[in-house]
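Take a look at the structure below.
None of the values given here were measured: they were computed from a predicted structure.
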2 protein chains.
Amino acid sequence: MGDDCRHTESAQPGLEGAALANAVAAAAVKCERTRERLTPPRRRVLELLLEADGPMKAYDLIAAYGQDGEPAKPPTVYRALDFLERLGFAHRIESLNAYVPCRMEGTSHRAAFLICECCGTAEEFEPDFAPQFAAAEAAGYAVRTVTLEARGLCPACKVEA
Amino acid sequence: MGDDCRHTESAQPGLEGAALANAVAAAAVKCERTRERLTPPRRRVLELLLEADGPMKAYDLIAAYGQDGEPAKPPTVYRALDFLERLGFAHRIESLNAYVPCRMEGTSHRAAFLICECCGTAEEFEPDFAPQFAAAEAAGYAVRTVTLEARGLCPACKVEA
DNA sequence: GAGGTTATGTTATTTCATAACGAATCATCT
DNA sequence: AGATGATTCGTTATGAAATAACATAACCTC
Ligand SMILES: [Zn+2]
Ligand SMILES: [Zn+2]
Ligand SMILES: [Zn+2]
Ligand SMILES: [Zn+2]
């Protein structure tokens, strides 16, 4: 990845202050509606994802978990990530072994990412899977989830290269 | 994955005997054309992938490597996998941490998979990425590779469910 | 056959993720 | 309130996946 990239990794700047609080509050509301519990560890991991400037690895989250510098235990974070993924608040990026907060306002959606191999940003977008879907159904498959990860260069890094 | 699946995992039966030898020989020919070397470890890992009935994990390959039961050392297999991926003889399936031999006759292509969550088979298909590509280019991205992995139920498992 | 390049063998380590189990919390129904 | 069952959490330990580092060997090609 982009160790030789001089761009500040700011294509997806993390949230701070009121914006962060609003995002967490919105998640809390969604949880109440579905009678899910946004418990302290889940809330904390969501905060960390929202604050970050880019995809976070699980052990980055583990290290950053305690406000006092105390790391979390791995199961604490992995459980929170499972929950956040299940509720649609976060996505795992398979090809990076990393996690991002969901950036799409809408409720349920199939996540897809444009991943910059230079600066490391991962931009979520909502693709039209209709053709692939049709092909799969034609072959007799019942598709449940789709993972799409496109790698290349983001606009900023493309210019410099 | 499908521990409760009673289907024999035979949607992608492994190669044996002459068919296996032919497939390996075809790979050898392709290598000669491009002056790449199909060395013993590379050939051995390719054989193991072709013989398998489904996606193989790296440590499955490591365990099965020696004909005498001796495992390989991890770097031996990971290096061979890197080579096979580079030449297009194998694909990594990110969401499974597993590898399959390429099933498409054509030369270069963007791989995509239909993965059955019941029986574990992974069928390669060649999708039309045009819409996603267009969307990415419109956003200013220069896409280099695309990973698409669809999970669901294969025809056989869909019937049973 | 000398020198540069590519591939391998080997040891050790790093990174990523989950199993297992008891204690605490929460919702629900007497 | 008190019993009950379901979730969640804290903790320890382990398993699974991938790579770093470096010495040796094989292979061009000049
Ligand atoms: Zn999303
Ligand atoms: Zn970039
Ligand atoms: Zn292929
Ligand atoms: Zn199946």
Atom-pair distance (CG on B:D60; P on D:dA16), nearest Å: 10 Å
message: Please check this pair: side chain of A:K158 against backbone of B:G140, looking for a donor-acceptor N/O pair closer than 3.5 Å.
response: yes
- request: Report yes or no: do A:L61 and A:V100 belong to one cluster of Ile/Leu/Val/Met/Phe/Trp/Tyr joined by side chain heavy-atom distances under 4.5 Å?
  value: no
Distance, rounded to the nearest Å, where B:L87 contributes CG and C:dA7 contributes C1': 14 Å
- prompt: Quick one: on DNA chain C, does A:P74 or B:A80 contact a more 5' nucleotide (nearest heavy atom)?
  reply: B:A80
task: Can you tell me the distance, in whole Å, between the CD1 atom of B:I62 and the P atom of D:dA18?
output: 9 Å
- line: Sorted by position of nearest nucleotide on DNA chain D, 5' first, the leading residue of B:N97 and B:P75 is B:N97
- prompt: Nearest of C:dC16, D:dG10, D:dC27 to any side-chain atom of A:K57?
  reply: C:dC16
message: Under 4.0 Å, counting only non-hydrogen atoms across every strand here, what does A:R79 touch: a base, just sugar-phosphate, or nothing?
response: base
query: Do A:S95 and A:E149 have side-chain atoms, one donor and one acceptor, less than 3.5 Å apart?
result: yes
- prompt: With sugar-phosphate meaning primed atoms plus P, OP1 and OP2, does A:R92 contact a base, only sugar-phosphate, or nothing at under 4.0 Å between heavy atoms?
  reply: sugar-phosphate
Between P of D:dT8 and CG of A:L84, the distance in whole Å: 12 Å
statement: In whole angstroms, the gap separating C1' of C:dA24 from CZ of A:R37 amounts to 11 Å
task: Round to a whole Å and report the spacing from CG of B:L38 to C1' of C:dT8.
output: 15 Å
query: Using a cut-off of less than 4.0 Å, is there contact between a side-chain N or O of A:Y78 and OP1 or OP2 of C:dT18?
result: no
statement: Whole-Å distance, A:M56 CE to C:dA17 P, equals 14 Å
task: Using side-chain hydrogen bond (donor to acceptor under 3.5 Å, both in side chains) as the criterion, point out the one residue from A:H91, A:E85, A:K57, A:R92 that pairs with A:Y99.
output: A:R92
- request: Write down the distance between CG (A:D82) and P (D:dC9), rounded to a whole number of angstrom.
  value: 11 Å
- request: State which of D:dA18, C:dT10, D:dC27 makes the closest approach to the side chain of B:K73.
  value: C:dT10
statement: From the list B:L38, B:V45, B:T39, side-chain contact (heavy atoms from CB on, under 4.5 Å) with B:P41 holds only for B:T39
- prompt: For A:Y59 and C:dC16, is the gap between ring centres under 5.5 Å while the planes differ by less than 30°?
  reply: yes
task: Output yes when at least one side-chain N/O atom of B:T76 is less than 4.0 Å from OP1 or OP2 of C:dT10, else no.
output: no
message: Just N and O in the side chain of B:R42: are any of them under 4.0 Å from OP1 or OP2 of C:dA7?
response: yes
